[in-house]
Amino acid sequence: MRWIIGVLFLFVYGFIPFEDPAYPLDFFQAPVNQPLRLSGTFGELRPNHFHSGIDIKGAIGVSILAAGEGFIARIRVAPDGYGNHLYIEHPNGYTSVYAHLQEFSPEIEAYVREMQFRQETFEIELFPGKDQFPVRRGQVVGKMGSTGHSFGPHLHFEIRKTTTDRPVNPLLFGLKVQDQIPPRLHEIKMYEFDPQGRLLKSSILPLIFKNGTYRVQADSIKVAAKWVGIAVKAYDHMDGVSNWNGIYQLDLFRDGALCYGFKMESFGFDETRYINAHLDYQEQRSRGSYFHRCFTLPGNQLSIYQSPQNGLISLTPGKASTLQATVKDVAGNESNLEIRLFTEGQGPVIQAPRTPYQFFLPFDKPHVIDNYGLYLNFPANIFYEDLFMQYAQRKDFSPGILSLTHVLHNESFPVHKEYVLGIRPDPIPMQLRPKAFIAHRLKGGIVNYGGQWQDDGMLVTTVNTLGEFAVMLDTVPPRIEVDRFSTDMRRYASMSFRIRDNISASGNLPNLKYRASIDGQWVLMSYDEKNRRITHAFSREMASGSHALVLEVSDAMGNVSVFKRNFFR
Ligand SMILES: [Zn+2]
C-alpha cells in the first residue's frame, strides 16, 4: 500500500523541482570548538516565523569558527534581530551565517569601525569584496555573544543555498550532535468540521505514553462530525541539554495510508510567515501553545509538506478509523502516536453556528472595502481560509484619538501579508498632521503603523494584522535616562543612556534614531534595543579636561529630545 502511494506521489509531484537532497557531508565543520549543545533547532516554531538555523549554546567570548573555507561576503551590525552578524560564502554553493556575535575578529572589527566612522552610524551593512576577507575552514571570525534579539549567549548558525538564499537545516550537513532521545508528544487538538469545512468544535486532549506509543486516555475518541483534523504539540529533546527543541519530521497515516507529512529540511524566507497557517494561530496567541496543525489550510502554500493529501479525515459512520503519527528528529529518533476515531450513526449534517458577520471575504480573491471613513484593500491570498469578517465602529473620547475606532474582526485571525488600511479622521489642524499616525490598539498598548496623508484627507498605511485601528496623535518626544553618566567621568571607561518612546513602532517604521557628539565631533554609540541602552566607550586619545556632550534622540514621528551636558574626563 505504502509503495502504491509512493508511486502516486512521484507521478503527481515528479515535475516539481525539489532541492537536491544530497547535501555535502564533509565540507562543513562545527562553528565552535566544543561538542554541539543546541537550544534551538531548524524549523522550530516561533512567533510569525520558522527558526532558520540552529542555536548553539555556549558562553560569551567562545571563539566562533568559519564552518568551511570561503570569504566574508556580508557583515551587519544591528541593534535588533541578528545583532552583530556575518555571512561566509563558500565555493560549494552554500553560505553560512553567524549571528548575535559579541564582536568580530580584530581585522573585521577594525574594518567595521572604520566604516562606521566614515558613515557616522552604528548600524551598518557591508559587502566586502571577494579578496578582502578570505577565510580558512576553522579560522576564528568572531566571539560568541548575545547581541540583537537574543536573551542569552548563543550562536545562531545558518546554512543557506547561496543562489536562492533559502536556509537549509544545518544538521543535514554532517555536523554531530549527541541525541538519543526521541521527541516527546504532549497534547493533541481535535477539530470537527461541518460539510462546508467550517469548524464545529475543537478540544484539547492530553496524551499518555503506554506500551511504547502515545495515546489518549480513552480507547477511542467519539466524534459527532464526518470531517475531522488533528494538531499535535510535540518537542524534541537532546542529550545533555534541558531545552525543548523543534521536531524534524511528522507523518500522519490514516488506516495505514499517508495523509499528511512535513520535513524541516529547507524553506524560503518569503514563506516563513505561513507558520501562522501551519500552527494553530489561536492557541499560539491565547496560550502561547504551539501545535503542528496536521491538516493544511487552503491558503497555506508552504513547501515543507510531502503528502498529496491535505490531512483532513473523512470518517465513515459506524466504522472506526485509526490515526497514526510518527514524529522524528534529525538523528532518526522516533515517537509514535495512535488514536482510534469513531463517528456515530449516520454522520450528522450539522452546520457550524453562524456568528453574524458584515463581510464575506473568500481567501483567494482580492477585496476592497470603502465606506468613506475607512478604506481596506486586501490582496488575494492574504488569508489562509475564508473570513466571515465582523466589523464595528466605536466612538472613543479618550484624548489623542482623532477618528472613530474601526474594529476589524480580531487579532486571532491570521493575516499573511500587508494590506492597505486608510482611516479618515475628524478634521485636524494642518500643522498637527505630521504627528498623526494609524494606531493598532491592543490590550497591552498601542502600536504605531505610521501613515501617508492623501489629498482627500485620509491617512493611509499598510498593516499585516486585524484588530482595532484609529488615527492618533504623538507629540511626546522620547525619553533619555542616564544609565552611566555624571559630570566627572574620569573613573569611567564608558557612558550609557537608556532611550525609550511612549509608543512602540511597528516593524515597518524606523527605530528610535540617535546622534551623539563630544566637542562637536560625532561619536560612536552602540545600541542594544532589547535593553534600550546606548553606550559610548571613551577613546584613549581623548584629551583630559572638560568636554561638551550633545545627545539627540528622535522617534518615528519626528519628536526630538536633546541631552546637553559638560563632563570631565
Ligand atoms: Zn536562532
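Ligands are counted one by one from 1 in listed order, and the atoms in each one are counted from 1 as well. Heads up: numbering here begins at 1 and tracks the sequence.
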- Y94 six-ring face occupied by K161 cation (under 6.0 Å, within 45°): yes
- Does the gap between the ring centers of F295 and Y260 come in under 6.0 Å? no
- Item | Salt-bridge contact R533-D483 (side-chain N to carboxylate O under 4.0 Å) | yes
- Item | Note: E283-K233 ion pair, threshold 4.0 Å (strictly below) | no
- Item | Set of residues satisfying side-chain hydrogen bond (donor to acceptor under 3.5 Å, both in side chains) with respect to Y281, sequence neighbours excluded | none
- Message: Any carboxylate oxygen within less than 4.0 angstrom of a Lys/Arg side-chain nitrogen, looking at D329 and K263?
- Response: no
- Note on the structure: Within the 2.8 Å cut-off the protein N, O or S neighbours of the Zn ion (ligand 1) are H51 NE2, D55 OD1, H156 ND1
